Amino acid sequence: MKDPGQYDHKRIEQKWSKYWIERSIYHLNRPDPRRKFSIVIPPPNVTGSLHIGHALNSTLQDVVARWMRMKGRDVVWVPGFDHAGIATQYVVERELTKEGKSRIEMGREEFLKKVWEWVPKTREAIRTQLEKLGVSVDWERERFTLDEGFSRAVRKAFRVLYEKGLIYKGTYIVNWCPKDQTALSDLEVEHEEEEGKLWYIKYPLEDGSGHITVATTRPETMLGDTAVAVNPEDERYKNLIGKKVRLPLVDWLRKDLEGNEVKPEIPIIADPRVKMDFGTGAVKVTPCHDPNDYQIGRDHNLPFVRVMDERGYMNENAGEFSGLERYDARKGIVDILREQGFIEKEKDHKHSVGRCYRCKTVIEPMVSTQWFLKVSDPAIRERSVKVVEKGEKRSEVKEIYLQYAEVGGLTISLQVVDGVSGETKAVFQLEGDIEFLAGTREGELAYIYYPEGRKENSQRAKDLFYRFSNENGQPEFIIALKGELTIIRMGVPSGKEEGRFLLAQEGERLNLYSFENEKWSYLKELEAGRTRLEPVQKSIKVRVEKEELNIEKESKIVFIPERWKKFYLDWMKDLKDWCISRQIWWGHRIPIWHCLDCGHQNVFTDDDFDRVHDKLIFNLIADGKISEEFTPEEVASALNSPQFVHRNMSVLDFYKRFVYHRYHSTDIDESSLRLLFTQDLNPMAMLTPGVSTKNVYSFNPRTKKWRMILRCRNCSSENLKQEEDVLDTWFSSALWPFGVFGWPEETSDLKTLYPTDLLVTGFDIIFFWVARMIMMGTYLMGDIPFDDVYVHALVRDEKGQKMSKTKGNVIDPLEIIEKYGADALRFTLTALTVQGRDIKLSEKRFEGFKHFANKIWNAARYVLINTPENLAADLPLMAPLSAEDRWIITRLNETARKVSEHLENYDFSKAAMSIYEFFWSDFCDWYIELSKERVYREPAEGEEEPIPEKITALYTLNYVLEKALRILHPFMPFITEEIWQMLPSTDGDSISLAQFPEPREDEEFAEDRDKVEKLKTLISSIRSIRSDLQIEPSKKLKAYYRCSSPADEELIQEFKNHILNLARLDEFEKTEEKPSGTLSTFAGETEVFLSVEGEVDIDRLTKTYDKRKEKILSELERTRRKLSSEEFVRKAPPEVVEKERKIQRELEEELIKAERILGMLKEVN
RNA sequence: AGGCGGGUAGCUCAGUUGGGAGAGCGCCGCCCUUACAAGGCGGAGGUCGCAGGUUCGAGUCCUGUCCCGCCUACCA
């Protein structure tokens, strides 16, 4: 009897979000490999705040995560953030510009310090957003792609790939952003059609015999031309091949990349790649500033002349134009060319222009020296194709754990096969005098097992169970031995006798076997339940044995929807090497140290050091967290700075927890470990000059600073310089699915949680991220990074346009949460997620689902207000369930099944709509209304409270509401948690840890379901005619019925009260003849006569029925045509013909009814 | 240029091996009935882009075609 008041999403969402985090509800320290379910979040960039696409992505993952958790899986969902190299640097730089500061003036070290100050702020903001959204991530596993562990992982990955020859440094043409002054990968360039100009320029032949005209869109690059190319087949130019032209304007000597002088006289060469039908068929060749020209230049050994610098300004090779910005140069060059008559013509030309995905600056193709990852190498590509195309089978040695528990006469043995294989097997051997064994799930009786011939214990088992469960909460197993109830968790059963039974979990099934005639024989399948052995271990002696097994594993990545598979494979087919170096500061610096003496490229990682603290200091230097020359104080400060990792974790904490926590490499000596774990790492002590520092550090007495000694592997020189470039952000993101678990350390997380089970992401980053995770995962880990990839659509605005800040059409998730609540936001996004289509979203869409939340709230209010606090104790039922109780329980059961099925297929929309429909239409619109007759019943004279029927109704209301909440919980975690916690029948830390309802055979009441559906039709047809007659609901009418079927008669008698209430009648009597002053309607075979006094709008009603009659006639026409076709009857399957006949019969009846009503109306008129 | 997705009610979209065209929102009518007007009850509304074909039967399969969106490639 409590009224929770009005629905206030802000209050409850804040409350539970805090509660879940404070109680670490979603943190699992040691997930069980048998039932683990791991997901890694696509890490949002630390550049700003989350947009609606993130909300969609996170919501879908959370729906699956919560659902899986409720299904008994050990869900670990790892959250984290991406350092987003260029993007972050861009944003921070922009901020600095506002303050009038410049990155270049600041210098690398100072600038990075700024970024490190900035990152925690945005990281915190995004974290808050995720919390508000209610995602059930494990915050204690939070990671950052630039944290301590990732830096190590990146260096390790780089080293492995480098040493295998898969990473190389080379001078090639790359996409260059003059604004950000860095190279970009092909994927980071966005192409768009733009209006431009095509200039036709005359290049005079050297011998003065005329000219050749070339067409170009970028005349400024002519300064770097080193040839003119024509197609060898081109008759127009055949005779010119081999001759030379003189480059207009250029009357100076240029220098190529090697410093050789290049004259303005350049050759006319033949190359089949030149298209004869474009422009003039002759093309100027600028090997340094065009990808195609680059190839031609290479193949023909042309000189490479660079005419622009990193900023997009013309360099010294541009002679009089040097120092000009590229577009100014273009204008200047065209003007002069025109003046001097070199321009033959100009015309408008549409062509696609590449722009930097970040700052939208036009990309300049430029020759430069970069690092590349040879993704096209078979070692990487072939497996990445195979694991998606057809999967691969591998044989692996896995560890197996056998556990035995012994208690008196009871033996339980559990065989656990390592979760990686996906195979688990649990065996329970029951010996002794067992009357029954009951298994429970979340405080509910899930199954009871009786040895044969003792089924009479059923009721006793239930009674005992309820008694027990009220006293003590949620037992896992109950075993009754010789009349004594024993709960495994609580104590030790007594008694010993013969007879053995076995409960075997086989896949999803729980099968019962008995031991007869010296062998096990199958008895029956039990309803499968989640079985935990942990509680058993606490009180019972457990023996664990480890074995090794050869297991065959199938690794296959499945894309959902399937079409993304082709999308991925097509891209993989012609893969170009990946430019992984970036000329920016924010990111993972390439772990290469160039020897300034011999030029050797040394790759170093902390593997090169044996001792933990040396590794640590090396990492700090390589990460740029301390300078190459440092003091112990600086080391101490870096070690204790939380900003480098996350909220409440310093670098040191990080090392303790992740890096050398459990599975440290064997070459770490004992004293280092002790130093690390028994006392805080003390840089002062560590760096005291002495034996331990010899050959590792050098001390400069003048500066009082230390330096770590690195030696060139080739010439032992100490004169090394670390590579300035950093790695493409996606290089580190590619390591995400194993980096987050501590790779390259062999942590227990890595062993149990990799590969992950699911990745949820948008299609826009399949190439950027998904493909690269697959490449790195299969190569470095030897196994796929995830089993399923669910690819969701992009969120667009109501017009179908991409949301962007500049267009001003963005929907801010925080605003939506504020206005409509996170539950409404989540449910909306889930309900709109259908496979293969973008989501068009307008704010209006959230409103409807907020109404749904409100509906849930009010339904719960109705239940709570009417439920006595002690309801649970009144069980078992005092009165039997009514037909409508069994109907709603059946519908609930059907809904549980549907939602599960849809979620299994990642059919988010259908899953959401199934529970929506059940809750609103079945539960609220019908069941609650039907329940009021019992719930509001006052005790009759002589009757005592509580009224048994009323209690049964309330029991059912509570039962159904509670289960419905559990089905709803993955979609709407906050409101369901709030209500669930208020229900008297629930108990537990969180609804999210309760069991997701499984369909149960003993809750299928087909007969009652059909009966109530019939009742609904009857009531609706009365309501319909009332509405047709515009009779207001408050007016109660008299009505009569005439029916030929005894079943209908029975139905009406059984539900008479409901009919009176819901159809708003004050009398409903049987009749043989049509009473005067009535109009009739039909519900199935039953005719209902409604007494209508006063004026009735006959015309209006006549029109309605005329229309209905016409509709019936047209449908009848269709069936008649079909059925009269001889071919149809002969060729169509008999059941289809039969169905069509049935339809026709029904329509004919409908027609008769309609005509009768129309006749009646005429009479009245 | 190639590929993918889509064109079904006013809007946003479902439509499962081919077998009586659906939902939500919006709209119309009646109602503040003690969970909820953020609600209840009832109702109207569609040649399933177009044209062929296969079939007894096509929103669903095939061919062609027209729009819209996206991706990849080329663009001197």
Side-chain angles (χ1 to χ4, degrees), chain A residues 3-4 6-7 191 193 196 198-199 214-218 221 228-229 274-275 278-286 290 292-293 349-352 561 563-564 566-567 570-571 574 763-764 766-767 793-794 796 798 800-802 831-832 834 836-842 844-845 847-866 907 909-910 913 916-917 924-925 928-929 932 936 1020 1023-1034 1061-1062 1064 1100 1104 1107 1115 1118-1119 1122 1125-1133 1135-1137 1139-1140 1142-1144 1146-1147:
Chain A
D3 183 354
Q6 298 284 310
Y7 175 50
H191 295 274
E193 286 271 298
L198 191 60
W199 285 275
V214 296
T216 179
T217 52
R218 292 163 59 220
T221 61
V228 168
V274 179
K275 292 196 184 74
F278 188 92
T280 59
V283 56
K284 59 194 266 322
V285 181
T286 322
D290 182 279
N292 293 321
D293 295 3
H349 178 66
K350 222 183 205 177
H351 63 133
S352 90
R563 79 183 120 92
W564 298 111
K566 187 176 166 357
F567 185 74
D570 283 351
W571 187 72
D574 96 315
F763 65 81
D764 51 333
I766 287 181
F767 302 149
L794 249 44
R796 297 175 182 280
E798 62 235 272
Q801 291 188 311
K802 230 176 188 166
L832 295 182
V834 293
R837 202 188 270 249
D838 285 347
I839 298 175
K840 286 189 205 167
L841 203 57
S842 70
K844 230 174 58 187
R845 309 287 259 142
E847 213 177 293
F849 291 106
K850 186 189 175 181
H851 294 177
F852 180 49
N854 188 56
K855 191 76 184 173
I856 296 169
W857 184 262
N858 281 300
R861 248 183 103 186
Y862 166 77
V863 175
L864 283 166
I865 287 171
N866 292 295
D907 246 326
S909 172
K910 281 182 187 164
M913 291 320 287
Y916 178 94
E917 195 191 308
C924 292
D925 289 349
I928 285 186
E929 294 309 318
K932 286 178 180 171
Y936 291 150
S1020 292
R1023 282 169 170 175
S1024 175
I1025 193 165
R1026 283 185 65 122
S1027 180
D1028 287 340
L1029 293 164
Q1030 290 189 296
I1031 298 169
E1032 56 198 53
S1034 57
N1061 286 337
L1062 300 185
R1064 311 210 57 79
R1100 186 192 156 93
T1104 309
K1107 211 164 180 184
E1115 278 177 43
R1118 196 192 56 80
T1119 57
K1122 227 171 170 178
S1125 153
E1126 199 197 311
E1127 271 182 310
F1128 172 72
V1129 179
R1130 203 178 61 230
K1131 292 186 182 168
E1135 63 270 19
V1136 172
V1137 178
K1139 196 179 167 197
E1140 203 65 32
K1142 197 180 149 212
I1143 292 165
Q1144 172 150 338
E1146 281 167 11
L1147 284 170

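Sequence lines set the chain letters: A, B, ... in the order given, protein chains first and strands last, and positions in each chain run from 1. As the structure is a computational prediction, the values presented were derived from the model and not from experiment.
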Counter-base of B/U17, judged by Watson-Crick or G-U geometry with both distances under 3.5 Å
none
Of all the nucleotides listed (B/C74, B/C31, B/A38), which has the minimum atom distance to the side chain of A/Pro1033?
B/C31
Separation between the C1' atoms of B/G5 and B/G49, rounded to whole Å
16 Å
Under 3.5 Å on both distances, the Watson-Crick or G-U partner of B/G57:
none
Provide, to the nearest angstrom, the distance between the NZ atom belonging to A/Lys855 and the P atom belonging to B/G39.
7 Å
From B/C30, B/A38, B/G42, pick the nucleotide closest to the side chain of A/Glu1032?
B/C30
Please encode protein proximity along nucleotides 15-25 of chain B as a string of B, S and -, counting only heavy-atom distances under 4.0 Å.
----BB-----
Please report the distance, rounded to the nearest Å, between CD in A/Glu929 and C1' in B/U34.
12 Å
Rounded to the Å, how far apart are A/Arg563 CZ and B/G5 P?
6 Å
Just how far, in rounded Å, is P of B/C71 from NE2 of A/His191?
11 Å
Can you check the distance between B/G15 and B/G6, where both ends of the measurement are the P atom (answer in whole Å)?
10 Å
Whole angstrom is fine here: how far is it from CG in A/Leu794 over to P in B/G5?
17 Å
Nucleotide opposite B/G24 in a Watson-Crick or G-U pair, distances under 3.5 Å
B/C11
Check every atom of B/G43, B/C36, B/C4 against the side chain of A/Lys566 and return the nucleotide holding the closest atom.
B/C4
CD/A/Gln6: more than 12 non-hydrogen atoms of other groups inside 6.0 Å:
no
Quick one: is A/Ser1024 getting a side-chain N or O under 4.0 Å of the B/C41 phosphate, OP1 or OP2?
no
Between CG on residue A/Leu794 and CD1 on residue A/Ile839, distance to nearest 0.5 Å
9.0 Å
Could you please name the partner base of B/G5, counting Watson-Crick and G-U wobble pairs only when both distances are under 3.5 Å?
B/C68
Pairwise 5' ranking along RNA chain B for A/Val214 and A/Asp1028, keeping only the more 5' one:
A/Asp1028
Distance col, row A/Trp199:CH2 vs A/His349:NE2, nearest 0.5 angstrom, shows 11.0 Å
Of all the heavy-atom pairs spanning A/Lys284 and A/Asp293, show the shortest one and how long it is.
O-OD2, 3.3 Å
A/Lys850 or A/Ala860, whichever maps to the more 5' nucleotide of RNA chain B:
A/Ala860
Sequence neighbours left out, what passes salt bridge (charged side-chain N to carboxylate O under 4.0 Å, His left out) with A/Lys1131? Give chain and number order.
A/Glu1127
Remember a base hit wins even if backbone is also touched, and classify A/Lys275 as base, sugar-phosphate or nothing at under 4.0 Å, heavy atoms.
base
Taking atom C1' in both B/A9 and B/C70, compute the distance separating them and give it to the nearest angstrom.
27 Å
Against the side chain of A/Tyr862, the closest entry in B/C56, B/G3, B/A35 is B/A35
C1'-based separation of B/G7 from B/G59 [nearest Å]
12 Å
Per A/Lys932 side chain, nearest of listed nucleotides B/C31, B/A35, B/G42
B/A35
A/Glu1126 CD: over 12 foreign heavy atoms closer than 6.0 Å
no
Counting side-chain heavy atoms from CB outward, which of B/C30, B/C71, B/A38 is closest to A/Tyr7?
B/A38
What's A/Phe567 touching, base or sugar-phosphate or nothing? Going by heavy atoms closer than 4.0 Å.
sugar-phosphate
Ring-ring centroid check A/Phe852 A/Tyr916, cutoff 6.0 Å
yes
Can you check the distance between B/U17 and B/U60, where both ends of the measurement are the P atom (answer in whole Å)?
14 Å
Nearest atoms (heavy-atom pairs only) where A/Ile865 meets A/Asp3
CD1-CG, 3.7 Å
Should A/Ser1020 be listed as having a side-chain N or O under 4.0 Å from OP1 or OP2 of B/G42?
yes
Need one value for A/Val285: base, sugar-phosphate or nothing, where a base atom within 4.0 Å counts as base even if backbone is also close, heavy atoms only.
nothing
For B/G52, which nucleotide in any strand shown is its Watson-Crick or wobble partner with both distances under 3.5 Å?
B/C62
Rounded to whole Å, CD of A/Gln6 lies from P of B/A37 at a distance of 7 Å
Using the P atoms only, state how far B/G69 lies from B/C62, rounded to an integer number of Å.
25 Å
Take the protein atom CG of A/Asp570 and the nucleotide atom C1' of B/G2, then report the distance between them rounded to whole Å.
10 Å
Quick one: A/Leu864 CG to B/A35 P, roughly how many Å, whole number?
13 Å
Side chain proximity check, A/Arg1118 to A/Glu1140, heavy atoms < 4.5 angstrom:
yes
Touch check for A/Asp764, heavy atoms < 4.0 angstrom, all strands: base, sugar-phosphate only, or nothing?
nothing
